[in-house]
Protein chains: 2
Amino acid sequence: MTEARRGAATLEDVAREAGVSLATASRAVNGSTRNVRPEIRERVERAARALNYTANAQAQAMARGRTNVVGLVVQDIEDPYFSSIAAGAMRVAEANRLIVSIASTQRRPDKEIEYVASLRGLRAAAIVIAGSRTDDREALGRLGEELAAFERSGGRVALISQRRLPVDTVVVANRAGARDLAARLAGLGYRRFGVLAGPPGLLTAADRLDGFAEGLAAAGLSVPPDAVARGDFNRDGGHAAMLRLLDHGPRVECVFAVNDVMAVGAIAALRSRGLDRGVAVAGFDDIVTLRDVTPALTTVRLPLVEIGEAALRMVLSEPAARPRSRRIQGEVVVRESTPGVPSR
Amino acid sequence: MTEARRGAATLEDVAREAGVSLATASRAVNGSTRNVRPEIRERVERAARALNYTANAQAQAMARGRTNVVGLVVQDIEDPYFSSIAAGAMRVAEANRLIVSIASTQRRPDKEIEYVASLRGLRAAAIVIAGSRTDDREALGRLGEELAAFERSGGRVALISQRRLPVDTVVVANRAGARDLAARLAGLGYRRFGVLAGPPGLLTAADRLDGFAEGLAAAGLSVPPDAVARGDFNRDGGHAAMLRLLDHGPRVECVFAVNDVMAVGAIAALRSRGLDRGVAVAGFDDIVTLRDVTPALTTVRLPLVEIGEAALRMVLSEPAARPRSRRIQGEVVVRESTPGVPSR
DNA sequence: CCATGAGCGGAAAGCGCTTTCCCAAACGAG
DNA sequence: CTCGTTTGGGAAAGCGCTTTCCGCTCATGG
């Protein structure tokens, strides 16, 4: 009846308490293909309860040769983009009784590799990586090797929005979304555009910029090179880039920030110059927490939670012969931040 | 030279490749108090590299009797309040080479208990629980038992903002923060207050409400009972509560929403009625992502990242004889959402 | 009434490590 | 030169499970 004085109760304690063998206790309490007579099972279960027994997951993992841990690697858990993806992945994990191990790389590619190695050490069942999108080929190569080693040792991998490695991928249609957005903005009558682009090397940002340019081109418009201001992929980056554009760029009617948090920074910058009603701003992502900023942001809605779900589902499904990819579309949402140009 | 065809390379493979015993390989590659001759160490390390060996963390955990996993239980990772806390905890975890396992309970107390059990099974070194603040005594009791079992089996526990269980706690000064906020708002000339309170049973919300009432009382003011509208602890809850207050409550000059996301919902509600400049709104938390809403929110700044850091540090430090608590203060930040009453 | 096999409990092997214990060699002191 | 003492490699004992294999009991059928 008394709990082990040192450390947790083991299955052996339970077996002894119930007066059965270790094998039987294991079968009764932790499941097995084999049957155990109801009467004995009941006795074991009672013993387990009395001792407050919980199976040692490590030992189970060792014995079974697989774990119920999945790894999730994001760039910055504090960024709502990633926390929404994480929420989706965690929801699916919960439904499958998986434990999720998470790491935030703070955008350092070397950390990413380190975490994958660490998850390989944990013998995680699967890894989902969100947002590894540099064009640093050297880092990408090492990440690829590390992931390949992980897969060879029996793990599964999925990437979010990163087609550059031969593994399952949830592809976010950044380019297409930005193209659609450009078309809509052109339709609203804007002609003189600026773009607040992300830092060089960030592929997500680059795709959105390219898509936007394509969309404008289709409408016979374009973004003059000096109307593209680069900044960090966060609020302050948007703020700074907007100010730079105002001070050194051409006059613009409408600014596309490659994500919502940058757009919010841009609006703050415009407001500080008293221009917040003079220049239209559009973003990308449709971050939930930002749906109430004023003016309400025109943006491309990405189903972030779904993206997280899709990635984990992919990695949990039967492995395919070749890397699969699941494409997820964004949807343009026009709100007050781009009221349109009435005169045209 | 060739990697094991099935599964990952084991330490035994490395030992064989290097021509040493398992014991020596272990000492050379995974550290030990014992020395290994540099020449042999080098040989083992080379073999490990050649085989792309990574120690099986499960096996190490078994053999050593401890893991490098810490568990983090939050209510909703998508909520910026929790994602900031998680970021802080993860930062400290990284510095200590710990792996963090995270779970989002979606505010279901039973899930919380389930996850703790699960972490006990993992033999996690420590658990941090953020935001278990119901007054459901039954659930709290079961959680307490589960945590006690975890501690008896050698794990450490810290709670964030929950003094009701005898474990280490990071106490957030909700009450004091709300009290200070009330004092400042009274100082700004407001007299007729409303409160958008959280759901009944949520202690964080209750503390903030109580503190606010105390602060007003100190200034000879009060919140009439019918000016307290309850709502969920999220944006929509704030929105709905605000509308209810407008429609069924007394006229108010200033509304205190018990957290920032509710405040944002409230502002949206006011705006939908054309009252956004007529009623002042204050929040609590100072969520980073919401710093650019307009009007800029008066709120109580909580150092959320620090709170997460403090909790994990606490749980990693030497265990104390009795539960410790570390108190963290908020700081009132007055912004445009409470411009003050000029006439007074 | 005996051969057959289904059903189920138990002994023991094994998962991949760490660590204790043992032992040989090298070394320093008397 | 002898006798402790280090020093460092290797054998083996676990860590807490799962699972294979073995063997006993009982039901079944020819």
Side-chain angles (χ1 to χ4, degrees), chain A residues 4 6-45 47-48 51-69 120-125 153-154, chain B residues 4 6-45 47-48 51-69 120-125 153-154:
Chain A
R6 179 155 297 287
T10 72
L11 189 55
E12 199 182 334
D13 299 335
V14 174
R16 195 179 321 112
E17 173 91 5
V20 300
S21 76
L22 196 54
T24 302
S26 169
R27 295 197 265 252
V29 106
N30 294 328
S32 153
T33 52
R34 291 256 318 245
N35 265 349
V36 173
R37 241 166 39 214
E39 169 211 335
I40 296 205
R41 164 185 305 277
E42 170 56 29
R43 213 161 73 213
V44 176
E45 278 168 355
L51 296 174
N52 203 351
Y53 169 77
T54 303
N56 183 326
Q58 324 277 350
Q60 288 189 310
M62 281 229 63
R64 300 208 248 243
R66 67 197 142 74
T67 66
N68 63 342
V69 173
R120 181 151 75 92
L122 258 193
R123 301 298 185 264
S153 71
Chain B
R6 180 153 296 289
T10 71
L11 189 55
E12 199 181 335
D13 299 334
V14 174
R16 196 179 319 113
E17 173 90 6
V20 299
S21 75
L22 194 55
T24 304
S26 168
R27 296 197 263 252
V29 106
N30 294 327
S32 150
T33 53
R34 291 258 316 249
N35 266 347
V36 173
R37 245 166 38 215
E39 170 213 334
I40 296 205
R41 165 185 303 276
E42 170 57 28
R43 212 161 71 213
V44 176
E45 278 168 356
L51 296 175
N52 202 351
Y53 169 78
T54 302
N56 181 326
Q58 324 277 352
Q60 288 189 309
M62 281 229 63
R64 298 208 249 244
R66 68 197 141 73
T67 66
N68 64 342
V69 172
R120 182 152 74 93
L122 258 192
R123 300 300 184 263
S153 72

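Throughout, protein chains are lettered first and strands after them, A, B, ... in sequence-line order, and every chain is numbered starting at 1.
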Its 5'-most and 3'-most nucleotides having an atom under 4.0 Å from a non-hydrogen atom of chain B, DNA chain D is contacted over dG8(D) to dG16(D)

At their closest point, which heavy atom of A28(A) faces which heavy atom of R41(A), and how far apart are they?
O-NH1, 3.1 Å

Which atom of E17(A) lies closest to which atom of A47(A), heavy atoms considered:
CG-CB, 3.5 Å

Side chains of E45(A) and E42(A) in contact at under 4.5 Å (non-hydrogen atoms)
yes

My understanding is that only residues two or more places apart in sequence, or in another chain, count here; which of them pass salt bridge (Lys or Arg N to Asp or Glu O under 4.0 Å) with R66(B)?
none

State the dot-bracket string of DNA chain C. Criteria: Watson-Crick or G-U wobble, both atom distances under 3.5 angstrom; notation: ( ) intrastrand, [ ] crossing earlier pairs, | interstrand, . unpaired.
||||||||||||||||||||||||||||||

Could you pull out the protein-nucleic contacts involving nucleotides 8-11 of chain C (nitrogen or oxygen on both sides, under 3.5 Å)?
residue, atom, partner, partner atom, Å
dG9(C), OP1, R37(A), N, 3.2
dG9(C), N7, R34(A), NH2, 2.5
dG9(C), O6, R34(A), NH1, 3.1
dG9(C), O6, R34(A), NH2, 3.1
dG10(C), OP2, S21(A), N, 2.9
dG10(C), OP2, S21(A), OG, 3.3
dG10(C), OP2, T24(A), OG1, 2.9
dG10(C), N7, R27(A), NH2, 2.9
dG10(C), O6, R27(A), NH2, 3.1

May I ask you to test the V44(B)-V36(B) pair for a side-chain heavy-atom distance under 4.5 Å?
no

For E12(A), is the CD atom crowded, meaning more than 12 foreign heavy atoms sit under 6.0 Å from it?
no

Quick check: does any side chain N or O of T67(A) sit under 3.5 Å from a backbone N or O of R123(A), one acting as donor and the other as acceptor?
yes

Minimum heavy-atom separation for L11(B) and A25(B), please, with both atom names.
CD1-CB, 3.8 Å

side-chain contact (heavy atoms from CB on, under 4.5 Å) involving R34(B) - partner list, sequence neighbours excluded:
R27(B), S32(B)

What I'd like to find out is whether the side chain of N56(A) reaches to under 4.5 Å of the side chain of T10(A), using heavy atoms alone.
no

Taking all atoms of both residues into account, what is the closest heavy-atom pair of R43(B) and G19(B), and its distance?
NH2-O, 3.8 Å

Can you list, by residue number, the residues of residues 56-68 of chain B that have a non-hydrogen atom closer than 4.0 angstrom to DNA chain C?
N56(B), A59(B), Q60(B), M62(B), A63(B), R64(B)

Step by step, work out the side-chain hydrogen bond (donor to acceptor under 3.5 Å, both in side chains) result for R64(A) and N30(A).
CA-CA 12 Å; R64(A) 300 208 248 243; N30(A) 294 328; over 6 Å; no

